[in-house]
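These notes concern the structure reproduced below.
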Amino acid sequence: MKHILAAGAAFLTLLASSVSAQTIALVGGNVADLAGKAPIRDAVVVIEGERIAAIGPRGTTPVPAGATVVPMTGKWLIPGLMNMHVHLALNLPGAARVYNEGVDSMALRTLDNAQKSLWSGVTTMRLTGSDAGVDFTVKKAIDAGVFDGPRIHTAGASIVPTGGHGKLEVNGPAEFAKAVREQVKAGATWIKLGISGGISDTHGDIAASPFTDDELNTAIEVAHRNGVKVTGHTGSPIASDAAIDAGIDCFEHGYFLTPPVLKKMKAKGVWYVPTIVVSQNGAKEFYRKIGSPPWYLARVDSVGKQHMQSLRDAIANGVNIALGTDQYPWEPNEGTTATVREAELYVDAGMTPAQALRSATIDSARMLGVEAEVGELKQGYLADIVAVDADPTQDIRALRTIGFVMKGGKVVRNDAR
């Protein structure tokens, strides 16, 4: 039986690679420019295998003989969207909560949500807290071509002191060092630390700062010595300030980021992933669906206004911002997906549409350190491409019209068919 399964997996991998090895030409669309330059109108994008082989105006960019031509007339082509704060097996308090969930169920939910996310236009994501190692398993299956899904960067399990906001509870510098090493050994490309309380906690204060300085310093030092970046769930100015001093690379949520902390983030190059969508009115549709209890909804309401002010201040201070939602990337939110609504809220908070789009593409790629591979439509880059009906660098709401998704040269969605 083992030999049969191994042969089947090898066949699926070979089939996936052979399908993606064909030459495809996207013809007649407009390529949006993320740097403020003029778009390429009536363009041809030639994809060979997984990568963009040529891109330019139709008059000077020939379609190779034998290429599969995909008409894109009137469409606008942008890089695949990237979502930097995702929990694919999200299991929040409420009537829909899954209790005593097994690893098999968790893995299936993770894969299902990954595939729905890709369909919605998200071709790369960063997981910021998973359980039982299912994130590593699903990532390997997608990377092998057995299943379709986004490119996954993952932090493994979120590491916290006992009683903190996360699942992997440890105490003292030695235990934190071991926990970080275990996640890196398992395949984590980031480390996630719950450096403050959280909205979904049934105990404690969101602004609590449970780490000791030795624990925080050790966790970040060990991660960096292993070549892995560190992000911190934070709703605490005190915890954020200490984490910056300890060398943290990124903050999630930042419900209560103060101007002094934001200026320090800017000076140190610390990234910010706002997940603003989860504390605003649009998320209430999701919370009602899962039957969130009154105490949870009250916590959401208590942070929403200040969370938005933190985002406005971060934009005004020029802090590096990468888009992330905390909700499933595909989750409905105010008539669109959580990913798109997050970008729209960035514009409401002070970004230009082009800046908001960059936060979901090239800036996320820069944060991950993969900006030479994805995040832009350029020759040699992986062919992760989304098509919309209008130029999103002029009106971010154009992202609501996603009807075509390609990942690594493979068309996974084409509503025009």
Side-chain angles (χ1 to χ4, degrees), residues 12 14-34 38-82 114-124 142 145 147-151 329-330 336-337 339-340 357 360-362 365 373-395 397-417:
L12 287 170
L14 178 61
L15 179 62
S17 63
S18 65
V19 169
S20 65
Q22 63 183 318
T23 299
I24 297 174
L26 308 182
V27 178
N30 306 304
V31 178
D33 188 90
L34 303 183
I40 304 173
R41 296 185 181 273
D42 192 17
V44 170
V45 182
V46 179
I47 298 104
E48 293 182 356
E50 290 188 329
R51 297 183 181 270
I52 298 172
I55 183 169
R58 194 192 313 223
T60 57
T61 309
V63 175
T68 299
V69 175
V70 181
M72 284 287 154
T73 304
K75 300 297 183 181
W76 286 79
L77 306 183
I78 60 172
L81 301 180
M82 306 173 74
Q115 293 180 326
K116 289 176 179 176
S117 298
L118 179 60
W119 179 266
S120 75
V122 175
T123 55
T124 299
I142 291 172
F147 297 105
D148 286 334
R151 305 181 193 282
W330 59 267
T336 185
T337 66
T339 303
V340 173
L357 182 58
T361 53
I362 184 59
E373 293 280 304
V374 294
E376 294 187 79
L377 301 186
K378 295 172 67 173
Q379 185 177 4
Y381 277 52
L382 290 166
D384 294 355
I385 303 172
V386 166
V388 295
D389 291 347
D391 185 356
T393 67
Q394 301 302 310
D395 184 351
R397 291 173 298 178
L399 295 180
R400 291 179 175 237
T401 64
I402 290 171
F404 174 91
V405 180
M406 171 184 278
K407 182 216 167 185
K410 181 178 181 179
V411 178
V412 297
R413 175 182 177 183
N414 188 357
D415 295 358
R417 282 177 177 168

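Starting from 1, each residue takes its place in the sequence as its number. It should be emphasised that the depicted structure is a prediction, and the values quoted were computed from it without experimental measurement.
- Side-chain contact between Arg400 and Asp389: absent, with no pair of heavy atoms (C-beta onward) separated by less than 4.5 Å.
- Shown here are the side-chain contact (heavy atoms from CB on, under 4.5 Å) partners of Pro39, two or more places apart in sequence or in another chain: Arg41, Trp76.
- Not counting sequence neighbours, Thr361 has no partner by the side-chain hydrogen bond (donor to acceptor under 3.5 Å, both in side chains) test.
- For the side-chain contact (heavy atoms from CB on, under 4.5 Å) test with Leu377, the passing option among Leu26, Leu77, Val45, Leu34 is Leu77; the others fail.
- Side-chain contact between Val27 and Val63: present, with at least one pair of heavy atoms (C-beta onward) separated by less than 4.5 Å.
- When all heavy atoms are compared, the tightest approach of Thr123 to Met406 is CG2-O, 3.9 Å.
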What side-chain donor-acceptor pairs closer than 3.5 Å can you find for residues 65-74, not counting sequence neighbours?
unit_1	atom_1	unit_2	atom_2	d
Thr68	OG1	Gln22	OE1	3.4

Inset, instruction - Kindly determine whether Thr60 and Val44 satisfy side-chain contact (heavy atoms from CB on, under 4.5 Å), including the steps that lead there. - result: CA-CA 9 Å; Thr60 57; Val44 170; over 6 Å; no

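- For the side-chain contact (heavy atoms from CB on, under 4.5 Å) test, residues two or more places apart in sequence or in another chain that qualify with Ala43 are Val31, Ile40.
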Legend entry - Audit row: Ile52, Val46, side-chain contact (heavy atoms from CB on, under 4.5 Å) steps and yes/no: CA-CA 6 Å; Ile52 298 172; Val46 179; over 6 Å; no

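- The salt bridge (Lys or Arg N to Asp or Glu O under 4.0 Å) check on Asp33 picks up nothing, with sequence neighbours excluded.
- A salt bridge (Lys or Arg N to Asp or Glu O under 4.0 Å) check over residues 54-68, counting only residues at least two apart or in different chains, returns the pairs Asp42-Arg58.
- Counting heavy atoms from C-beta outward, Ile24 and Glu48 have side chains that stay 4.5 Å or more apart.
- Residues Val122 and Trp330 are not in side-chain contact: their nearest non-hydrogen atoms beyond the backbone lie 4.5 Å or more apart.
- Between Glu373 and Lys378 there is no salt bridge, since none of the side-chain N atoms of the basic residue sits less than 4.0 Å from a carboxylate O of the acidic one.
- For Val412, the side-chain contact (heavy atoms from CB on, under 4.5 Å) criterion is met by Leu118, Asp148, Val405, Lys410, not counting sequence neighbours.
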Run the side-chain donor-acceptor check on residues 379-386: report pairs under 3.5 Å with partners two or more places apart or on a different chain.
unit_1	atom_1	unit_2	atom_2	d
Gln379	NE2	Ala53	O	3.1
Tyr381	OH	Glu371	O	2.9
Asp384	OD1	Arg151	NH2	2.9
Asp384	OD1	Gly408	N	2.8
Asp384	OD2	Arg151	NE	2.8

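- Partners of Asn414 under the side-chain hydrogen bond (donor to acceptor under 3.5 Å, both in side chains) rule, at least two apart in sequence or in another chain, do not exist in this structure.
- Counting all heavy atoms, side chain and backbone alike, Thr61 lies closest to Ala54 at CG2-CB, 4.1 Å.
- A salt bridge links Asp415 with Arg413: the distance from a Lys NZ or Arg NE/NH1/NH2 to an Asp or Glu carboxylate oxygen falls below 4.0 Å.
- Two residues are said to be in side-chain contact when any heavy atoms from C-beta on lie closer than 4.5 Å; Ile78 and Pro392 meet this criterion.
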Legend entry - Trace of the side-chain contact (heavy atoms from CB on, under 4.5 Å) decision for Leu399 with Thr339: CA-CA 9 Å; Leu399 295 180; Thr339 303; over 6 Å; no

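- With sequence neighbours excluded, the residues satisfying side-chain hydrogen bond (donor to acceptor under 3.5 Å, both in side chains) with Thr393 are Asp391.
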